[in-house]
Amino acid sequence: MRIFSLILVTTLALASCTQHSAPEVGYYNGQQLQIRAEVEPGVFTGTLKLFIDEELIVDQESKVFGGSSQSFTGKWKGRNVIARATYVENLFSAYYLIDVFVNGQLVETLTV
């Protein structure tokens, strides 16, 4: 029972660690944007936060059975923003690729 409790506590602690992308520079209509993301994985759901020029644009939870690729929406200066997050798992690593679209135009792809 002690080993199970230790494994459960360790798993929950690791699942709640926020992961950050490096700030990236993207361009939309000739305007330079600084874009970054934060992902907080959870046991059943996770949270994605997307920032454009340090303004919080998306702050949403993932769907429980949404699969390995999910889309999150927000608004930036009256424009639609979509963050498409895809979970990628390889033999020795796991990470998220986040494609950021502004009004349907791909602006940047982040790695978390």
Inset, instruction - Examine Leu110 and Phe101 and state if one hydrophobic cluster contains both, with Ile, Leu, Val, Met, Phe, Trp and Tyr joined whenever side-chain heavy atoms are less than 4.5 Å apart. - result: no

Inset, instruction - Could you walk me through whether Arg36 and Glu54 pass side-chain contact (heavy atoms from CB on, under 4.5 Å), step by step? - result: CA-CA 8 Å; Arg36 67 180 181 89; Glu54 292 306 315; 3.1 Å; yes

Inset, instruction - Check the hydrophobic clustering (I, L, V, M, F, W, Y; side-chain heavy atoms under 4.5 Å; chains of links allowed) and say if Leu97 and Ile57 are grouped together. - result: no

Legend entry - Close side-chain approach of Thr18 and Glu40, heavy atoms under 4.5 Å: yes

Inset, instruction - Mind listing the closest non-hydrogen atom pair of Pro23 and Gln34 along with its distance? - result: CB-NE2, 3.1 Å

Legend entry - Phe72 reachable from Leu33 in the ILVMFWY side-chain graph, under 4.5 Å edges: yes

Legend entry - Heavy-atom pair of closest approach, residues Tyr28 and Val102: CE1-O, 3.4 Å

Inset, instruction - Give a yes or no on whether the backbone of Asn80 and the side-chain of Asn103 come within a donor-acceptor separation of less than 3.5 Å. - result: yes

Legend entry - Backbone N/O of Lys63 and side chain of Gln70: donor-acceptor pair under 3.5 Å: yes

Inset, instruction - Grab the two heavy atoms, one from Val112 and one from Ser21, that are nearest each other, plus how far apart they are. - result: CG2-CB, 3.6 Å

Legend entry - Nearest heavy-atom neighbours spanning Tyr27 and Gln105: O-NE2, 3.9 Å

Legend entry - Side-chain donor or acceptor of Ser68 paired with backbone N/O of Tyr87 under 3.5 Å: no

Legend entry - Phe51 reachable from Val39 in the ILVMFWY side-chain graph, under 4.5 Å edges: no

Inset, instruction - Check for a donor-acceptor pair, side chain of Glu24 on one end and backbone N or O of Thr109 on the other, with a separation under 3.5 Å. - result: no

Legend entry - Heavy-atom pair with the smallest gap, counting every atom of Ser69 and Thr86: OG-OG1, 3.2 Å

Inset, instruction - Please assess Gln60 against Leu48 for the test side-chain contact (heavy atoms from CB on, under 4.5 Å), listing each intermediate value before the final yes or no. - result: CA-CA 6 Å; Gln60 295 177 1; Leu48 174 85; 5.9 Å; no

Legend entry - Rounded distance (nearest 0.5 Å) linking atom CZ of Arg84 with atom CG of Leu106: 7.5 Å

